[in-house]
Amino acid sequence: MALNMSRRKKTGDNNDIPMAPMIDCIFLLLIFFLVSVVMRVPPPFTGTLPDSATKHEFTREKSNLFISSDGRISIDDQEMLTLEDMELFIASHKNQISTLIIKADKRTKHRVVIDVVE
C-alpha cells in the first residue's frame with residue numbers, strides 16, 4: 001500500500017509553470033518602459049536663429065489675482081488698496097489681460113471673494 005501512495009504522488013501533473021505571475025511582470029515592464037521613454041526626437045541638425053532688429057511687446061494672456069487672509073488684494077505683483085483701484089487697473093489693462101485667475105487664501109472671508117468676483 002505504501003508503494004501505491006508514493007507512485008500516485010510522483011505521477012501527478014505538478015510540472016506546470018504558473019503563467020499568471022509572468023504575464024503580470026511582462027505588463028509591468030511594458031508600462032514602466034512606456035512611461036520612462038522620451039517621446040521627443042531631437043532634430044538631426046542645429047540652427048542659429050537670427051537676431052531681431054525690432055522687438056515686439058507681447059501681451060500677457062493670463063494674470064493672477066491674489067486675495068490674502070486679511071482681505072488684501074494684488075494682481076500679479078501690484079497690490080491694490082481698494083476694490084475701486086482693482087477695477088481701474090483691470091479696465092486700463094483689459095487689452096493685456098484675457099484671463100484672470102483668482103486665488104484666495106483658505107482663511108479669506110467669502111464676502112471678500114464675492115466682492116472681487118463682482
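Residue Leu83 holds its CG atom at 6.0 Å from CG of Asp115, rounded to the nearest 0.5 Å. The distance from the NZ atom of Lys103 to the CG atom of Leu65 is 10.5 Å, given to the nearest 0.5 Å. Taken to the nearest 0.5 Å, the NE2 atom of His93 stands 9.0 Å off from the OG atom of Ser63. Arg107 CZ to Ser69 OG: the interatomic distance, rounded to the nearest 0.5 Å, is 5.0 Å. To the nearest 0.5 angstrom, Ile114 atom CD1 is 14.5 Å from Lys109 atom NZ.
One hydrophobic cluster, built from ILVMFWY side chains closer than 4.5 Å, cannot hold both Leu81 and Ile90; they sit in different ones. There is a path of hydrophobic side-chain contacts, each under 4.5 Å, that joins Met86 to Val113. Put simply, Leu88 and Ile75 are part of two different groups of oily side chains (I, L, V, M, F, W, Y) that touch within less than 4.5 Å, one to the next. Linking Ile, Leu, Val, Met, Phe, Trp and Tyr residues whenever their side-chain heavy atoms come within less than 4.5 Å places Leu100 and Val117 in a single cluster. Grouping the Ile, Leu, Val, Met, Phe, Trp and Tyr side chains by contacts below 4.5 angstrom, directly or via other members, places Leu34 with Phe27.
Checking side-chain atoms of Asp76 against main-chain N and O of Asn64 turns up a donor-acceptor pair under 3.5 Å. Counting only distance, with no hydrogens or angles, the side chain of Thr108 and the backbone of Ser68 share a donor-acceptor pair below 3.5 Å.
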Problem set entry | Criterion side chain to side chain contact (heavy atoms under 4.5 Å, CB included) on Asp105 and Ile67, from CA distance to verdict | CA-CA 6 Å; Asp105 190 88; Ile67 306 171; over 6 Å; no

